[in-house]
Amino acid sequence: MGYQSRKRNYQSRREKLKQHFRNYRMAFIFLMIALIVILYKNRWDIWNWIQTYFY
């Protein structure tokens with residue numbers, strides 16, 4: 001059996017930050033898509049609520 005280094009799964013700080021940034025970016029994209037869908041579903045309620053302040 002060959003020698004196995006204890007640090008074979010080592011990730012540098014830059015690699016960790018890059019992975020975290022990608023995860024945060026993906027979560028942000030999905031949250032924005034969900035927000036757009038919710039706003040689209042409730043567009044008439046939101047429009048009527050806005051009209052109460054301007055009419």
### Task
For the pair Arg25 (side chain) and Arg22 (backbone), establish whether a donor and an acceptor sit closer than 3.5 Å, ignoring hydrogens and angles.
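No, the answer is negative, given that no donor and acceptor are paired below the 3.5 Å cut-off.
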Q: Would you list the pairs meeting ring pair (Phe, Tyr, Trp, His ring centres under 6.0 Å) in which at least one residue belongs to residues 17-37, sequence neighbours left out?
A: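 Residue pairs passing ring pair (Phe, Tyr, Trp, His ring centres under 6.0 Å), neighbours aside: none found.
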message: Restricting to ring-ring contact (aromatic ring centres under 6.0 Å, His included), what partner residues turn up for Trp47, sequence neighbours left out?
response: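 Per chain and number, Trp47 pairs via ring-ring contact (aromatic ring centres under 6.0 Å, His included) with no residue.
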*With sequence neighbours excluded, residues passing ring-ring contact (aromatic ring centres under 6.0 Å, His included) with Phe54*: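 If we apply the ring-ring contact (aromatic ring centres under 6.0 Å, His included) test to Phe54, skipping adjacent residues, there are no hits.
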Answer yes or no: are there more than 12 heavy-atom neighbours, outside Arg13 itself, under 6.0 Å from its atom CZ?
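No, the 6.0 Å shell around CZ holds no more than 12 heavy atoms from other groups.
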- How long is the span from the CG atom in Leu35 to the CE atom in Met32, to the nearest 0.5 Å?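 It is 5.5 Å, given to the nearest 0.5 Å.
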Using 0.5 Å steps for rounding, measure from the CG atom of Leu39 to the NZ atom of Lys41.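 If we round to the nearest 0.5 Å, Leu39:CG and Lys41:NZ are 11.5 Å apart.
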field: Side-chain heavy-atom pair Ile29, Ile33 within 4.5 angstrom cut-off
entry: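 A side-chain contact exists here, since the closest heavy-atom pair is under 4.5 Å.
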Might you work through the side-chain contact (heavy atoms from CB on, under 4.5 Å) test for Asn48 and Thr52, ending with a clear yes or no? CA-CA 6 Å; Asn48 291 331; Thr52 61; 5.8 Å; no
